[in-house]
Each structure stands twice: as structure tokens, then as C-alpha cells.
Amino acid sequence: DSLLRIICTLGISMPGFVVATILLHTLCGGIPGVKVFPALFDGTAKSYVLPCLALGFYPMCYLSRQTRTAMLDSINQEYIKTARAKGLKNGKMIPVITYLGPQIAFTLCGGLVVEQVFSIPGLGRYFIQSIQNRDYPLIMGTTIFLATFIIIMNLVVDLCYKLVDPRINLANGGH
């Protein structure tokens with residue numbers, strides 16, 4: 001538990017592009033004799049591993065800490081003991097769902113910089129080029145796309161609440 005908490009604290013404190021740089025340096029030939037993955041994106045399965053790790057490390061660490069905290073807070077509550085005694089299964093964690101929706105959208109946004117680090121042709125490359133070229137319509141279009149994606153993911157989260165807990169009423173704001 002202590003080792004995982006240290007790893008998760010480190011993971012939360014480092015943005016994706018720092019993790020990407022560390023992964024590139026350590027696993028792509030920066031250390032003599034260690035070249036496990038290709039340094040540049042070439043479309044093979046191996047070239048997807050490091051970008052996925054770089055993008056997924058922060059959310060994994062944050063979600064692990066949030067889940068651990070929520071579990072420790074509620075596991076010894078009286079209502080949990082009563083529910084277990086009556087045979088209710090636990091496993092529905094609304095705080096985790098609350099975090100996952102926007103995090104998917106923010107991972108896409110954070111992916112823009114990680115795409116640049118790994119030379120992946122994608123939205124990030126065009127977004128950064130549009131900033132460098134002062135192409136304001138493309139900057140606005142990309143920003144509006146990402147904002148819309150965040151709004152859609154928040155809507156998906158609200159709909160998932162209803163699936164997880166049928167008692168939630170979405171018609172009047174969840175009350």
C-alpha cells in the first residue's frame with residue numbers, strides 16, 4: 001500500500017508530457033543497451049505502448065487514490081455494514097464515474113502534447129501548427145471541438161448515474 005501510494009503521488013504530480021519524455025529516454029535508447037520501443041511513431045503495435053502509458057499514467061494514479069480514499073471512508077460506515085448484512089452487493093461507485101467522464105475528454109486534450117512528443121500524426125500536430133501559424137479559425141475550431149467533447153462526456157456521466165443507481169431522477173436535476 002505504501003509503495004503504491006508513493007507511485008500514485010508521483011504519477012499525479014507529473015503531467016503526461018513529462019512521463020512521455022521519461023519513457024522515451026529510458027525505454028527508447030537513452031540508456032545504452034535499452035531500446036525496447038521505437039522512439040518515433042511508426043503505426044506498429046509497439047509504437048502505441050509508450051503514448052498510451054504516458055496518457056494513462058496520471059488518470060490511473062488519480063483514480064487509484066480516489067478509489068482508495070472513497071473505499072476507506074465508507075467501508076466501515078454503519079450503513080455499509082447493515083447493507084452487507086442484508087445481502088446488498090457493493091461495487092457502485094458514483095465518485096469514480098464522476099471523474100471518468102471528464103477525464104476521458106481531458107486525456108484527449110492532454111494527448112495533443114503527447115502526440116508532439118512521440119511524433120504522432122493527429123489532432124495535436126494540427127492544433128500546435130495552427131498556434132504557431134496564428135491560424136485563428138483552426139484554433140477556435142479545435143477548441144470548440146474539445147469543449148463540445150467535454151460537455152458530451154459530462155452528459156454521458158449523468159446518464160451513467162441513472163444506470164448505476166436507478167433511484168437517481170434526471171428530470172429535475174438529480175433531486
Side-chain angles (χ1 to χ4, degrees), residues 3-70 93-164:
L3 177 64
L4 287 176
R5 281 191 292 153
I6 291 169
I7 291 170
C8 289
T9 301
L10 285 173
I12 290 170
S13 66
M14 291 188 294
F17 66 88
V18 173
V19 174
T21 305
I22 291 170
L23 289 172
L24 271 174
H25 181 70
T26 56
L27 299 174
C28 295
I31 299 174
V34 179
K35 186 169 181 358
V36 182
F37 298 100
L40 295 175
F41 184 80
D42 59 4
T44 62
K46 275 184 124 177
S47 65
Y48 280 98
V49 173
L50 294 182
C52 290
L53 280 174
L55 285 174
F57 191 61
Y58 171 83
M60 177 192 67
C61 292
Y62 188 85
L63 193 58
S64 296
R65 286 187 58 131
Q66 185 178 14
T67 303
R68 180 184 181 276
T69 302
M93 297 189 71
I94 288 188
V96 172
I97 294 172
T98 302
Y99 173 73
L100 281 179
Q103 184 56 46
I104 291 169
F106 293 137
T107 299
L108 176 66
C109 296
L112 301 180
V113 178
V114 172
E115 282 179 16
Q116 285 294 110
V117 173
F118 288 104
S119 300
I120 299 172
L123 184 61
R125 172 181 289 175
Y126 297 115
F127 186 61
I128 291 176
Q129 284 177 355
S130 68
I131 292 171
Q132 290 170 344
N133 296 332
R134 293 190 174 109
D135 185 357
Y136 296 114
L138 188 56
I139 294 170
M140 290 302 296
T142 307
T143 304
I144 290 169
F145 168 75
L146 294 173
T148 304
F149 191 61
I150 291 171
I151 291 168
I152 289 170
M153 290 311 298
N154 281 325
L155 175 65
V156 168
V157 164
D158 287 344
L159 296 174
C160 285
Y161 286 161
K162 183 70 174 169
L163 293 174
V164 170

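Starting from 1, each residue takes its place in the sequence as its number.
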Do any side-chain atoms of residues 125-134 form donor-acceptor pairs under 3.5 angstrom with protein atoms, and if so which ones, sequence neighbours left out?
| from | atom 1 | to | atom 2 | distance (Å) |
| --- | --- | --- | --- | --- |
| S130 | OG | Y126 | O | 3.3 |
| S130 | OG | F127 | O | 2.6 |
| N133 | ND2 | Q129 | O | 3.2 |

Side-chain donor-acceptor distances from residues 37-60 under 3.5 Å, at least two apart:
| from | atom 1 | to | atom 2 | distance (Å) |
| --- | --- | --- | --- | --- |
| D42 | OD1 | T44 | N | 3.2 |
| D42 | OD1 | T44 | OG1 | 2.7 |
| D42 | OD1 | S47 | OG | 3.2 |
| K46 | NZ | V36 | O | 3.0 |
| S47 | OG | G43 | N | 3.3 |
| S47 | OG | T44 | N | 3.2 |
| S47 | OG | T44 | O | 2.7 |

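Partners of I151 by side-chain contact (heavy atoms from CB on, under 4.5 Å), not counting sequence neighbours: none found. For Q103, the side-chain hydrogen bond (donor to acceptor under 3.5 Å, both in side chains) criterion is met by Y99, T107, not counting sequence neighbours. With sequence neighbours excluded, the residues forming a side-chain contact (heavy atoms from CB on, under 4.5 Å) with T9 are R65, listed by chain and number.
Using a 4.5 Å heavy-atom cutoff, the side chains of P15 and V18 are in contact.
Screening residues 16-35 for salt bridge (Lys or Arg N to Asp or Glu O under 4.0 Å) gives no qualifying pairs among residues at least two apart or on separate chains.
Without hydrogens or angle criteria, S13 side chain to L10 main chain gives a donor-acceptor distance under 3.5 Å.
Scanning all heavy atoms of the two residues, the minimum distance from V114 to A20 falls at CG1-CB, 4.5 Å.
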Pair L4, R68 - check side-chain contact (heavy atoms from CB on, under 4.5 Å), show working.
CA-CA 11 Å; L4 287 176; R68 180 184 181 276; over 6 Å; no

